[in-house]
Amino acid sequence: MAVKINENYLLIKSNYIFSEINQRVEKYQNDNPDADIIRMGIGDVTRPLPEAVTRKFTEAVQEMGDAKSFRGYGPEQGYDFLIEEIIKNDYAPRGIDLSVDEVFVSDGAKCDTGNIQEIFDLSSTVAVTDPVYPVYVESNVMAGRTGPMMDDGRYQKLVYIPCTEENGFIPELPETPVDLIYLCFPNNPTGMALTTEQLAQWVDYARENNSIILFDAAYEAYIQEDNIPHSIYEIEGAREVAIEFRSFSKNAGFTGTRCAYTVVPKEVMGFDSAGNPHSLNSLWNRRQTTKFNGVSYPIQVAACAVYSPEGRAEIRESIDYYMQNASIIRNSLKDIGLRVYGGVNSPYIWVKTPGDMNSWEFFDLLLDEAHIVGTPGVGFGPSGEGYLRLTAFNTLENTEKAMERISKLSL
Ligand code: MLT
């Protein structure tokens with residue numbers, strides 16, 4: 001008898017969206033070796049790590065090579081020296097009190113947002129915004145919580161909350177109560193942000209319906225406007241109903257270095273089948289101590305340097321650089337009559353495809369005729385059909401070149 005597989009894997013598309021795009025672009029480049037392709041697809045940064053970060057990183061690597069300062073396994077939850085900096089810099093100034101054992105350092109918000117569902121029952125109902133970062137959906141498909149995909153591209157048991165031009169890409173509260181709600185703001189992929197009042201409605205909803213909000217704040221550093229919350233815990237009552245995910249990838253260039261953290265306040269409770277409450281903080285701690293051995297010491301030292309005065313200044317400069325690109329993209333596309341969203345509090349620009357072109361048609365057109373790679377909106381969910389996402393993470397030079405090429409197309 002052959003080994004049986006987890007058949008839930010058969011319910012997902014054979015390729016992760018960004019792997020699919022890579023394959024197509026690679027094929028295109030092989031067929032057209034002279035094409036100077038500008039990548040504005042995956043949300044990967046291009047600016048190097050800040051100097052303040054690499055300096056500390058290097059010193060910490062040297063420490064590991066010296067018997068006197070060598071360190072073996074660290075705490076699975078992360079070193080206190082980093083967690084204390086996180087609390088002191090990212091939360092305390094916003095009036096949010098956290099204790100050291102409420103913050104879990106990890107190797108990425110992608111892993112944490114994908115893994116968090118493990119601590120919930122398979123019968124939990126799950127709501128996602130549509131379009132959505134595919135990790136939230138696919139990790140629940142793999143776990144067996146969603147049922148099959150239907151003809152309209154939606155999974156049978158997931159609750160989809162459309163974010164469309166009609167509602168200004170602001171998700172409306174679900175009509176029927178749900179257990180788990182994934183929210184990512186500033187949003188990937190639409191680039192739109194929620195105001196404090198808008199996010200407060202979700203916190204109130206979660207409190208009234210005993211739901212838990214899984215809040216992905218990976219793009220928090222890009223917020224430019226006032227009245228956009230940087231953390232869900234700025235909203236009263238959120239400590240009881242929300243888990244927050246943050247990352248050093250997009251603010252400090254750690255996409256290849258890997259460091260992030262997840263906040264699980266001790267008050268957030270889940271219930272066993274007898275109705276007894278259990279702290280999700282303890283469950284997540286239990287999960288991490290079994291399945292994760294912590295982020296390497298040099299990387300945590302490097303992440304700490306993000307909070308140094310020099311580190312902060314360098315990061316601010318990179319974010320301003322990317323946001324200048326975002327504004328160039330927004331303005332250039334508007335000038336040629338396209339409808340564009342996002343890019344104000346986020347490095348993502350969400351573009352309505354011209355005419356009645358679908359997402360992949362527009363993707364192909366940009367690749368063929370302008371050698372530009374975007375991400376087809378439909379890759380983020382059915383409500384993303386008819387859109388394409390561009391990132392502001394390329395260089396200024398490439399961003400300007402890309403916009404020049406697009407403006408020459410007859411769209
Ligand atoms: C994206 O392009 O959406 C990002 O790469 C997401 C991620 O950080 O995994």
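For ligands, and for the atoms within them, numbers begin at 1 and follow the listed sequence.
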*Asks:* May I ask you to list the atoms of ligand 1 that are less than 4.0 angstrom from any heavy atom of F18?
*Replies:*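 Near F18, the atoms of ligand 1 are 1 (C), 2 (O), 3 (O).
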
*Asks:* Does an N or O anywhere in I42 fall below 3.5 Å from an N or O of ligand 1?
*Replies:*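 Not met; the criterion fails.
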
*Asks:* Looking at atom 9 (O) of ligand 1, what's its closest protein heavy atom, distance included?
*Replies:*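 It is Y133 OH, 2.6 Å.
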
*Asks:* Look at the rings of Y297 and F81 and say which category their plane angle falls in: under 30° parallel, 30 to 60° tilted, over 60° perpendicular.
*Replies:* perpendicular

*Asks:* Among K110, K250, R389, which one puts a heavy atom closest to atom 8 (O) of ligand 1?
*Replies:*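 Of the listed residues, K250 has the closest heavy atom.
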
*Asks:* State whether a side-chain donor-acceptor pair under 3.5 Å links N140 with Y182.
*Replies:* yes

*Asks:* Looking only at distances, can you tell me whether any N or O atom of N188, backbone or side chain, sits closer than 3.5 Å to an N or O atom of ligand 1?
*Replies:*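 In this structure, N188 places an N or O atom under 3.5 Å from an N or O of ligand 1.
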
*Asks:* Quick check: do V103 and L98 have side-chain heavy atoms less than 4.5 Å from each other?
*Replies:*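 Yes, close enough: below the 4.5 Å cut-off.
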
*Asks:* Hey, which of E165, R330, R389 is the one that makes side chain to side chain donor-acceptor pair (under 3.5 Å) with Y341?
*Replies:* E165

*Asks:* Within ligand 1, which atoms have a heavy atom of Y348 less than 4.0 Å away?
*Replies:*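 Ligand 1 atoms under the 4.0 Å threshold to Y348: 1 (C), 2 (O), 3 (O), 4 (C).
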
*Asks:* With the side chain counted from C-beta on, respond yes when L280 and F120 share a heavy-atom pair under 4.5 Å apart, and no when they do not.
*Replies:* yes

